[in-house]
Amino acid sequence: TMIDPNLIILGGSVIQKNPDVLSLIKEKLEKFLIDVQKDRLDKIVVTQLNKQAGLLGAGFSGIYQGRK
């Protein structure tokens with residue numbers, strides 16, 4: 001409960017090529033959550049950017065570094 005992200009986005013080739021991994025992750029994680037946290041499982045999603053996620057992340061990282 002110390003970390004409360006609005007959304008957890010999973011990406012990469014493993015999750016892209018094996019979409020069933022998401023349900024397995026949620027199933028395993030659910031055992032560690034208390035009842036009021038169970039809605040957090042809906043906030044774990046797979047990226048829709050596919051192979052572009054790394055490129056966009058690198059671009060945003062460059063923009064962020066330029067602001068310092």
Item to check | Trace of the side chain to side chain contact (heavy atoms under 4.5 Å, CB included) decision for T47 with Q16 | outcome: CA-CA 8 Å; T47 182; Q16 292 290 327; 3.3 Å; yes
Checklist entry - If you group Ile, Leu, Val, Met, Phe, Trp and Tyr whenever their side-chain heavy atoms sit less than 4.5 Å apart, what else falls in with L22? => result I8, L10, I15, V21, I25, L29, L33, L41, I44, V46
Next on the checklist: Please enumerate all residues that pass side-chain contact (heavy atoms from CB on, under 4.5 Å) together with L24, with sequence neighbours excluded.
Outcome noted: K28
Checklist entry - Would you say Q48 has more than 12 foreign heavy atoms packed within less than 6.0 Å of its CD? => result no
Checklist entry - From L56 CG over to S61 OG, what is the distance, rounded to the nearest 0.5 angstrom? => result 12.5 Å
Checklist entry - Roughly how far, to the nearest 0.5 Å, is the CD atom of E27 from the CG atom of D20? => result 11.5 Å
